[in-house]
Amino acid sequence: MNEEIKDKLLQHAGKILLGGTGALLALSVVTLGAGLLSDGPAASDTQADAVVHKLERNLGDAQAKLTTQHTALLVQLPGMDIERVNRDTETGRSLLLSLTDSSASTRTVKEQQVLLDARYGFLDHKSRVLTEFVPEWMTATGATKDAGTTYTLADLDIGVSRVQGLNYSYTGVARLDPVRVGPDQNSTTKSEFTVFTYSTSQDGTVTSLDAYRASSKTRDTLAAASEEQPSPQADRVRKAPTASARTPEDPDET
């Protein structure tokens, strides 16, 4: 991947150098040209030759400087392991489904917290996922009233947000649509949006996870935007397993 990125930059290197040196050259022409004009038509051939030599010297110096900067940029450019990113993306998808399948769970909030805490070693009793996201999600989707809504993963977008050494960090946005069957076809239950972040080590082990349920206002805004510009990943994620297996009411009508 590093070589591919370098190749792409090298393809544009000529444009970068030409643009930078061209600007410097133009500035020099204006400055020195003004000097010649101030001497009037009597400017000697010697002065003209001196101007040309100075411009050539300035151009060479500028090209050398930009080439050095360009080389330094390529050396600093971090490599990206695409296979690892693809693997970590699937991991993120699994994490999301694990967090949101409680929307129609028969478990209590505490039972769900204990289950996730035992399943994922990177979570602890101080984790925001356990202390805030799980209770809010289960309450908003009706699970705490034993009438939770089943959601299916309708759209998912996960991207690399940071690469620091061997650690990769990701940010994901997911749209979960309520499953409507039978009498619930006309249900007013709305889609839910979840934003989550997580990090992995070189071997793919998840080292951190956080998740946020979009507020009602943000949810409506995202829903309107997604309807106007459907994600190209939608067809793929719509084949994903549902977040759980029960239906009914939506307590969050806001």
Side-chain angles (χ1 to χ4, degrees), residues 88-105 107-109 112-113 115-116 120 122-123 126-145 147-162 169-180 184 186-200 206 208-254:
D88 288 349
T89 297
E90 291 303 315
T91 297
R93 177 174 173 274
S94 297
L95 289 172
L96 172 73
L97 290 173
S98 295
L99 292 180
T100 57
D101 69 356
S102 59
S103 62
S105 173
R107 294 182 290 270
T108 64
V109 169
Q112 181 68 13
Q113 290 171 323
L115 176 66
L116 292 174
Y120 300 117
F122 51 86
L123 297 178
K126 296 181 180 180
S127 171
R128 186 187 177 284
V129 167
L130 298 180
T131 61
E132 295 184 37
F133 177 79
V134 171
E136 180 183 359
W137 176 258
M138 294 183 70
T139 299
T141 58
T144 56
K145 297 181 180 179
T149 301
T150 300
Y151 287 90
T152 184
L153 184 57
D155 198 5
L156 177 62
D157 184 12
I158 298 177
V160 179
S161 58
R162 185 181 185 187
S169 298
Y170 302 84
T171 298
V173 179
R175 171 175 175 161
L176 298 109
D177 289 346
V179 177
R180 297 186 175 92
D184 294 315
N186 297 321
S187 172
T188 58
T189 303
K190 298 180 179 181
S191 297
E192 290 287 340
F193 288 85
T194 300
V195 178
F196 60 104
T197 62
Y198 62 101
S199 299
T200 65
V206 178
S208 66
L209 171 67
D210 205 349
Y212 306 82
R213 172 180 171 268
S215 65
S216 298
K217 182 177 180 180
T218 301
R219 176 192 61 196
D220 293 343
T221 300
L222 290 172
S226 64
E227 290 175 358
E228 294 176 0
Q229 298 179 339
S231 167
Q233 298 185 27
D235 291 338
R236 177 175 64 83
V237 298
R238 284 198 177 94
K239 298 177 182 178
T242 56
S244 135
R246 295 164 50 218
T247 39
E249 63 183 358
D250 176 21
D252 182 9
E253 294 294 330
T254 56

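Each residue takes its place number in the sequence, starting with 1. Computed from a predicted model, the values in this text were never measured in an experiment. Because only heavy atoms are used, hydrogens play no part in the values below, and waters and symmetry mates are left out as well, while side chains stay in.
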Self-check item: Nearest-0.5 Å distance, OG1 of residue Thr197 to CD1 of residue Ile158
Solution: 11.5 Å
Exercise. Could you give me the CA-CA distance, side-chain angles and deciding distance for Ser98 and Tyr120, then say whether side chain to side chain donor-acceptor pair (under 3.5 Å) is met?
Key: CA-CA 10 Å; Ser98 295; Tyr120 300 117; 2.8 Å; yes
Quiz item: For the residue pair Ala143 and Ser102, what are the closest heavy atoms and their distance?
Solution: CB-O, 3.1 Å
Self-check item: Expected output: side-chain Tyr151 to main-chain Ser191 donor-acceptor under 3.5 Å
Solution: no
Exercise. Would you name the heavy atoms of Trp137 and Thr100 that are closest together and state the gap between them?
Key: NE1-O, 3.2 Å
Quiz item: Between Ser199 and Ser169, does any side-chain donor sit less than 3.5 Å from a side-chain acceptor?
Solution: yes
Quiz item: Any side-chain heavy-atom pair from Thr108 and Gln113 closer than 4.5 angstrom?
Solution: no
Quiz item: Going through the distances and angles, do Leu99 and Arg213 end up as a side-chain contact (heavy atoms from CB on, under 4.5 Å)?
Solution: CA-CA 11 Å; Leu99 292 180; Arg213 172 180 171 268; over 6 Å; no
Quiz item: Who passes side-chain hydrogen bond (donor to acceptor under 3.5 Å, both in side chains) against Ser94, sequence neighbours left out?
Solution: none
Practice problem: Given side-chain contact (heavy atoms from CB on, under 4.5 Å), test Thr171 with Tyr198 step by step and report yes or no. | Solution: CA-CA 7 Å; Thr171 298; Tyr198 62 101; over 6 Å; no
Quiz item: Within the distance-only criterion (no hydrogens, no angle test), does the side chain of Gln112 pair as donor or acceptor with the backbone N or O of Arg107 below 3.5 angstrom?
Solution: no
Self-check item: Shortest non-hydrogen separation from Leu123 to Leu116 and the atoms involved
Solution: CD1-O, 3.9 Å
Quiz item: Rounded to the nearest 0.5 Å, what separation is found between the CG atom of Leu156 and the CZ atom of Phe196?
Solution: 5.0 Å
Quiz prompt | Minimal non-hydrogen separation, Leu95 against Phe122, with atom names | solution = CD2-CZ, 3.9 Å
Exercise. Considering non-hydrogen atoms only, spot the tightest contact between Ser103 and Thr141 and give its length.
Key: CA-OG1, 3.3 Å
Quiz item: Within a strict 4.5 Å, meaning less than it, do heavy atoms of the Thr194 and Leu176 side chains meet?
Solution: yes
Exercise. Keeping the roles fixed (side chain from Thr139, backbone from Glu136), state whether a donor-acceptor pair exists under 3.5 Å.
Key: no
Quiz item: Which residues satisfy the side-chain hydrogen bond (donor to acceptor under 3.5 Å, both in side chains) test with Thr131, sequence neighbours excluded?
Solution: none
Self-check item: For Arg128, all residues meeting salt bridge (Lys or Arg N to Asp or Glu O under 4.0 Å), sequence neighbours excluded
Solution: Glu132, Asp210
Practice problem: Report yes or no: does Thr152 contribute a side-chain atom to a donor-acceptor pair with the main-chain N or O of Val179 at less than 3.5 Å? | Solution: no
Self-check item: Inter-residue atom distance Thr200.OG1 - Asp88.CG, 0.5 Å rounding
Solution: 3.5 Å
